[in-house]
Amino acid sequence: MSGRKQYREVKNLSQTQIEKEILAYWKENDVFAKSISSREGKPQYVFYEGPPSANGLPGIHHVLARGLKDIFCRFKTLQGYQVKRKGGWDTHGLPVELQVEKMLGITKKDIGTKVSVAEYNERCREEVMKFKDVWDDLTIKMGYWVDLEHPYITFKNEYIETIWWILKEFYQKGYLYKGLKIQPYSPAAGTGLSSHELNLPGCYRDVKDTSCVAQFKVSPQSTDHSSPLKELQKEGGADNIYFLAWTTTPWTLPSNTALAVGKNIDYSLVETFNPYTHQQVRLILAKELLGKYFQEENENKDFSSYQNDGKNLPYKILASFKGKEFEGMRYEQLLPFEANKKENIDGDAFRVVLGDFVTTSDGTGIVHIAPSFGADDMKVAAENGIGTLTLVDKEGKFIDGVGEFSGRYVKDYKDDPNYVSVDIDICVKLKQENKAFKIEKYEHSYPHCWRTDKPVIYYPLDSWFIKVTAAKERMMELNKTINWKPESTGSGRFGQWLENLVDWNLSRSRYWGTPLNIWRTEDGAEEICIGSIEELNNEIQKSIDAGLLDKNKFNIQHSSFNIDLHKPYVDEIILVSPLGKPMRRESDLIDVWFDSGAMPYAQWHFPFENKETFEKSFPADFIAEGVDQTRGWFYTLHAIAVLLFDSVAYKNVVSNGLVLDKNGNKMSKRLGNAVDPFTTIEKYGADITRWYLISNSQPWDNLKFDIEGLAESGRKLFGTLYNTYNFFAIYANIDGFTIDKNNSIPIEERSEIDRWIISKLNNLIKEVTEAYEDYEPTKAARAVEDFVIEHLSNWFVRLSRRRFWGNELSKDKKAAFETLHECLNVVAQLMSPVAPFFSDWLYQNLNGTKESIHLSYLAIADLNLTDAELEQRMEWAQEISSLVLSLRKKTKIKVRQPLQKILIPAIDKHFIQQIDQVKELILSEVNVKEIEYISDTAGIISKKVKPNFKLLGKKLGGKMKAATEVIQELNNEQIAQLEQNGSLELILDGETFNILLEEVEIISDDIQGWLVASNSGITVALDITISDQLRDEGFAREIVNKVQTERKESNFEVTDKIVLHVQNQLVLNNVLNRYKEYICNETLASDILFSGDISNGKDFDINGEVLNLFIQKV
RNA sequence: AGUCCUAUAGCUCAGUUGGUUAGAGCACUGCUCUGAUAAGGCAGGGGUCGGCAGUUCAAGUCUGCCUGGGACUACCA
């Protein structure tokens, strides 16, 4: 063939090569920027990029998460929306700090001494962008389109300024407050721990602690008239009645200030012995928990039988009470010391209070309350006006005035080899003093400091909070308007979280982060919240004027940005209060999650700049991150938006699951099962990786990543598509066909199979568009895959091949080209969000253009071109073909052997009409001459009846089972009757029922004397008589096949002409002569030459006959 | 400990409002087709639908409990 090739032909598919080409093309033509600028003025689709942190390397799960983001942004662009995507970097926070500390070989304590804060933060600033290039590289190579050139960076002054503005808004609305909260605290590290730190893997550990059931003695003075124990105290003396309370932290017992009981819990007063002192005692504990401490057979046993061995305690239930009866009762302090004298405690301590958190699942049903060391304790004590006792200092040791325990560490915080457990010593003391009822080791899960490995304690710390609880209802309400994918994450996980909302603790005592913008006088009486740099500069000026700041150092021009808003510089700024007192900045930094949650505003430096841009891009239409962000970014975005603007921050959110290894284990560097995204992309290509990640399982399900699956995706979808395109290109080039949309053959004039695939294609457009719009990328990808492999390649192209082979560009051939082109073109569009490289390559090749597919507009489904009947009959054609092929297989008659006819039982005229329209396709597919429809008039068709369970089940109810049996055994006569009358009477258990024709399905499943196959209600019989003529035709086809195979093996071009040299053969000479024209046509032979002896021939087996043949290229 | 997700063939996954032979792809075996195919077709083996109860004429599907896997949350004394 001569002439320029219109369509590019490629010998071997190399996905990575394609991607390199396309990447270069995108870069050269600035296609990403164009995909935005070309949509100027169009409706916006707003996407927020959740900022990654560049201090670690990206993993394969980032390809999933970012691929997911990319899909919907590209899809919306295809639909004509303008989709701006600003990249971003999360730069503050603990991970960076730790990395720097490790690098410098220091700990937190050394900051400010061995290393200055300024230097430390400078290192953080560098370190946090350490892998930015690697991230950018991945972003580019995986084809994730996001603006890398103008990202928002959370450590920038502009970013911080917006955060300050938000905080000031909150401050002015009264949402910002300082309070004492019980927080996880690591005495060994000397620092409070964030919940994030507490949830680092391995922090919660099962440990064995000494647990203690302590006896709190009911105060003898508590004999007032209201006491429920009044009568008993009188009888047995008021001296030996105790509340039993259990704790796993005996060191908190000296700090006890109250006991809590459950209002509706049943309690018993039990008389028994103390197992250590063997004194007779009377104890109060939850009735339900008696079994934990006593054996039932010892109830009411003679007290004199007690062996003073602490075993088999005899006991007697004296009385029962409800918890609420105890409210307000007093008890004697368990461990009185100098430091915890009652006078030192605010409020009315050592009382019984009610607590709704009290349960009977553990302990005694009575909870020891140490307000300083437990959040619930603090809360319930505060509600009852009972103060705190903090007998432990920040180093984790008892303060002075706690007797023999003073100065001792409550846990072994110093790795002291001679450390003696305070818990045990306290228990021993209690035992001796008849104050302990049961001491034992108890295994439970307890948090540990991730850095020191030491147990965390809960400790009262000063903190700044955002009062998110004030907007709790509104947050829940607005959450209901958000479209969550999957839904359960929104209603379940996120919804539950909102229901149990507590105020957001903003404070972090770290160094590298956004400083809290509040300055206070030392006594806390005056304070100011700074909301902008301008305001700060004004205040600095006042302070300079007041002589508190050195004007040479702080003489700053208004609205200039030359102060670094980080520590230590902000802390050098001392402001002046209205009363003229110095105000210093509260030393805390804020939670880094606030940084990322503020990105909708801070990325635009709102409200200082870009007001309009911000307004157009809030709230987001779409965000996506891992499900682990539910309580992270998803929450902080939502909380800030609701508090600030009474709005959602995003309308649609997709939370993806984890990427696990092929065995379902979490990927980690430590286990060595992590998959490197670069290696994967290098080997298989980004498209195949993306396609696999999306099509293999729903993004919100966890994905078991198996490299074998990638290979399969590549082979199946991409291989098939590539071959389909190449097939098109080869023949289009041979015929010099060029697509011309203005001069194409109208669809209605195209052949049955063309109209069928066009119908399928339009339904596909509809389905895929809806799936993307519904944020169901997996459905979209699978639908495309199914269309390409099953319908386009395996049916349309396979059955249409012959149409592409003729000599000239006939009308039908042109239609075939146009149809195939259309299908490939649309498929490229539909797959382009997931596979942006290959689709662009395909699209450009198909259209002979240099215009990217990502600038094109998505085809819209034309439902006028869909035809359900056509699709139905094609399905039947496929079904019938499949049945015939299965019959051939049974009889071992190969497909190349033509057969005379197939029989199909059919009464329904519509069915016959339908099949007639696809008859030619069936006949050529199965190599049979004709189809004969037979009715049952001859009585050779046997039928079966299957009940329609849905209809009959409702009608018959309990009789359904019996009816099924009767119906399935109906004889031909009865069936005929049913068909004629439209109904039939059945007798079930003596009752008569009328079943209707539409309530059953009648299937013809056998034709007497024929070989039949049936499925899905269609039955086919095959005539297997091979006449002489059919046999000869079979020879001819066999010869053609052998010649074609030989041509192929000899590497002839598809268009090469040949001459066949044949050695005379008794049987086949006839065949060759009779079918000469057919054989020559098929094999592009100009002639068949016979001779008695050909020297260079080769023997071929033609259905048992040997043919010596030589193929000569001419 | 709580909340949520999840369990279907050796592997990866479908399975609509409950309706009767539980499907597909991969892998395996045999046969077959092919001038686009690292393909396709036909057939075969392979399932107690995690377990136990319950609702129902009917349960992979609905309900409860239990078990395994996972995520998140957590001071349960």
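In what follows, every chain begins at residue 1, and chains take the letters A, B, ... in the order their sequences are listed. Basis for what follows: all heavy atoms, side chains included, without hydrogens, waters or symmetry-related copies.
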Heavy-atom nearest nucleotide on RNA chain B for A/His368 versus A/Phe949: which residue maps closer to 5'?
A/Phe949
Rounded interatomic separation in angstrom, taking CG from A/Leu717 and P from B/A24:
20 Å
Nucleotide of B/C42, B/C13, B/A36 approaching A/Asn696 most closely (side-chain heavy atoms)
B/C13
Is the shortest side-chain N/O distance from A/Arg801 to OP1 or OP2 of B/A36 below 4.0 Å?
yes
Distance between the C1' atoms of B/C11 and B/C28, in whole angstroms?
12 Å
Base partner of B/U73, which must satisfy Watson-Crick or wobble distances under 3.5 Å
B/A1
Atom P, compared across B/A7 and B/U61: separation rounded to whole Å
12 Å
Are A/Lys485 and A/Glu776 ion-paired here, with the side-chain N under 4.0 Å from a carboxylate O?
yes
The single option from A/Ile265, A/Val380, A/Val353 passing side-chain contact (heavy atoms from CB on, under 4.5 Å) against A/Val358
A/Ile265
Distance between P atoms of B/G23 and B/G44 (Å, rounded):
12 Å
Between A/Val784 and A/Phe787, is there a side-chain heavy-atom distance shorter than 4.5 Å?
no
Ignoring backbone atoms, test whether A/Thr489 places a side-chain nitrogen or oxygen under 4.0 Å from the OP1 or OP2 oxygen of B/C5.
no
Distance flag, aromatic centroids of A/Phe804 and A/Phe727, threshold under 6.0 Å:
yes
Hey, is the side chain of A/Lys894 poking within less than 4.0 Å of OP1 or OP2 on B/U32, counting only N and O atoms?
no
A/Leu885 side chain: which of B/C13, B/C42, B/G40 is closest?
B/C42
Regarding A/Tyr731, tell me which of base, sugar-phosphate or nothing describes its non-hydrogen contacts under 4.0 Å with the strands shown.
sugar-phosphate
Below 4.0 angstrom from OP1 or OP2 of B/A36, is there any side-chain N or O of A/Tyr725?
no
Spell out yes or no: do the side chain of A/Ser793 and the base of B/A36 have one donor N/O and one acceptor N/O closer than 3.5 Å?
yes
Whole-Å distance between B/C4 C1' and A/Asn656 CG?
16 Å
Could you please name the option among B/C42, B/A14, B/A36 that lies closest to any side-chain atom of A/Asp701?
B/A14
Spacing of the P atoms in B/G46 and B/A9 (rounded, Å):
14 Å
Applying side chain to side chain donor-acceptor pair (under 3.5 Å) between A/His368 and each of A/Thr249, A/Thr252, A/Thr257, report the one that passes.
A/Thr252
Before you tell me yes or no, could you show the steps for A/Asp423 and A/Lys411 under salt bridge (charged side-chain N to carboxylate O under 4.0 Å, His left out), namely the whole-Å CA-CA distance, both residues' side-chain angles and the distance that decides it to 0.1 Å?
CA-CA 8 Å; A/Asp423 284 338; A/Lys411 298 280 169 186; 3.0 Å; yes
Side chain of A/Lys716 only, heavy atoms from C-beta on: which candidate in B/C13, B/C26, B/U37 is closest?
B/C26
Name of the residue among A/Phe728, A/Phe737, A/Tyr725 meeting ring pair (Phe, Tyr, Trp, His ring centres under 6.0 Å) with A/His821
A/Phe728
Once you round it to whole Å, what is the distance between C1' of B/C13 and CD of A/Gln698?
10 Å
Provide, to the nearest angstrom, the distance between the CD atom belonging to A/Gln183 and the P atom belonging to B/A74.
13 Å
Ignoring the backbone of A/Asp377, work out which of B/A36, B/C42, B/C75 is nearest its side chain.
B/C75
Whole-angstrom distance between B/C5 and B/A22, as gauged at atom C1':
24 Å
Need one value for A/Thr724: base, sugar-phosphate or nothing, where a base atom within 4.0 Å counts as base even if backbone is also close, heavy atoms only.
base
Of B/C42, B/C13, B/G41, the nucleotide closest to the side chain of A/Arg782 is B/C13
Using the P atom on both, measure B/U12 against B/U73 and round to a whole Å.
28 Å
Specify the separation, in whole Å, of atom CD of A/Glu9 and atom P of B/U37.
13 Å
Mind checking whether A/Trp484 and A/Phe634 have ring centres under 6.0 Å apart?
yes
Under 4.0 angstrom, heavy atoms only, what part of the nucleic acid is A/Asn726 near: base, sugar-phosphate, or nothing?
nothing
Tell me which nucleotide, if any, is Watson-Crick or G-U wobble paired with B/C57 when both distances must be under 3.5 Å.
B/G19
Paired with B/U48: which nucleotide, if any, by Watson-Crick or G-U wobble criteria at under 3.5 Å for both distances?
none
If you find the nucleotide of RNA chain B closest to A/Tyr692 and the one closest to A/Asn1041, which residue's nucleotide is nearer the 5' end?
A/Tyr692
Give a yes or no on whether a donor-acceptor pair under 3.5 Å exists between the nucleobase atoms of B/C75, that is its base, and the side chain of A/Asp376.
yes
Quickly work out the A/Trp497 CH2 to B/C4 C1' distance and round it to whole Å.
14 Å
Would you kindly give the NZ-to-P distance between A/Lys704 and B/U6, to the nearest whole Å?
15 Å
Integer angstrom distance from the C1' of B/G18 to that of B/U63
13 Å
What is the separation between atom CG on A/Leu792 and atom C1' on B/U37, rounded to the nearest whole Å?
13 Å
Please state the C1' separation for the pair B/C66 and B/G19 - nearest whole angstrom.
29 Å
I want to verify a distance call: between B/U12, B/C75, B/G40, whose nearest atom is closest to the A/Tyr458 side chain?
B/C75
